[in-house]
A.B. asks: 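Structure provided below as structure tokens; questions to follow.
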Amino acid sequence: VRQAAGVKIKLVAISSLRVIRLVRLVMVFRVLQLFPQLQELFSALVNVWKTILWTVLLLGLILYSYAIYMVVMVRNGLEDVPELLELYGSLTLAIHTGWEMASFDNW
């Protein structure tokens, strides 16, 4: 019975925190309605983040494809070159190497 009461108290505390967060969120939206320039800035930031997200996803897909290609190439024909095995011996190493090449890090 004590555990059930303790759980109920915790749930009430959590739900009251959610209400406080919702009130704060409503206050932010009211401020955005009072200042149209701020609303435009917020809208622009949301639109930019969509573009950044798609750019990061595309870069990840390119790095993943590159890593798969390099791992297959190194394992099929260049197994006798230890430097390549250090850089492209596994998929995670190949992704890391591709990221280093794309960001000009350690090259």
Side-chain angles (χ1 to χ4, degrees):
V1 176
R2 290 182 188 177
Q3 289 179 348
V7 170
K8 188 173 184 179
I9 291 172
K10 289 180 183 179
L11 290 177
V12 169
I14 290 173
S15 64
S16 63
L17 287 175
R18 286 182 184 171
V19 169
I20 291 171
R21 287 181 185 166
L22 285 174
V23 168
R24 291 170 88 189
L25 188 63
V26 167
M27 290 173 57
V28 168
F29 282 122
R30 281 189 178 175
V31 169
L32 285 176
Q33 289 176 353
L34 292 174
F35 300 104
Q37 295 88 1
L38 189 60
Q39 190 174 9
E40 284 182 36
L41 180 64
F42 185 74
S43 173
L45 286 173
V46 168
N47 290 335
V48 166
W49 279 109
K50 289 178 186 176
T51 304
I52 290 172
L53 175 71
W54 283 110
T55 304
V56 168
L57 286 173
L58 183 61
L59 180 63
L61 181 66
I62 291 170
L63 280 174
Y64 187 69
S65 302
Y66 165 79
I68 290 173
Y69 176 76
M70 289 306 293
V71 168
V72 168
M73 293 301 291
V74 166
R75 287 192 179 166
N76 285 341
L78 303 171
E79 295 159 344
D80 54 340
V81 183
E83 293 87 12
L84 287 178
L85 284 176
E86 286 180 19
L87 296 174
Y88 302 104
S90 69
L91 187 62
T92 55
L93 287 174
I95 290 173
H96 184 260
T97 303
W99 177 254
E100 284 183 343
M101 289 176 61
S103 64
F104 300 110
D105 184 33
N106 283 336
W107 287 88

A.B. asks: In the hydrophobic clustering that connects Ile, Leu, Val, Met, Phe, Trp and Tyr at side-chain heavy-atom distances below 4.5 Å, which members other than I62 occupy its cluster, ordered by chain and number?
C.D. replies: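 Cluster partners of I62: L58.
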A.B. asks: If you look only at distance, which donor and acceptor atoms sit under 3.5 Å apart when one is on a side chain in residues 64-71 and the other is two or more places apart or in another chain?
C.D. replies:
{"from": "S65", "atom 1": "OG", "to": "L61", "atom 2": "O", "distance (Å)": "2.9"}
{"from": "Y66", "atom 1": "OH", "to": "Y88", "atom 2": "OH", "distance (Å)": "2.8"}

A.B. asks: Among all residues two or more places apart in sequence or in another chain, which pass the side-chain contact (heavy atoms from CB on, under 4.5 Å) test with I20?
C.D. replies: R24
A.B. asks: Name all residues meeting the side-chain contact (heavy atoms from CB on, under 4.5 Å) criterion together with S103; count only those two or more places apart in sequence or in a different chain, and write none if there are none.
C.D. replies: W99, D105
A.B. asks: Among residues at least two apart in sequence or on other chains, which ones pass side chain to side chain donor-acceptor pair (under 3.5 Å) with T51?
C.D. replies: none
A.B. asks: I want to check something: taking the side chain as every heavy atom from C-beta on, are L87 and L93 in contact at a cut-off of under 4.5 Å?
C.D. replies: no
A.B. asks: Using every non-hydrogen atom in the two residues, find where I95 and L63 come nearest and quote the distance to one decimal.
C.D. replies: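 In this case the closest contact between I95 and L63 is CG1-O, 4.4 Å.
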A.B. asks: Taking side-chain contact (heavy atoms from CB on, under 4.5 Å) as the test, write out the residues that go with N47, two or more places apart.
C.D. replies: S43, K50
A.B. asks: Can you name the residues that form a side-chain contact (heavy atoms from CB on, under 4.5 Å) with L57, not counting sequence neighbours?
C.D. replies: L53, W54
A.B. asks: Quick one: do L85 and V72 end up in the same hydrophobic cluster if we chain Ile, Leu, Val, Met, Phe, Trp and Tyr together by side-chain heavy atoms under 4.5 Å apart?
C.D. replies: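 Shared cluster, no.
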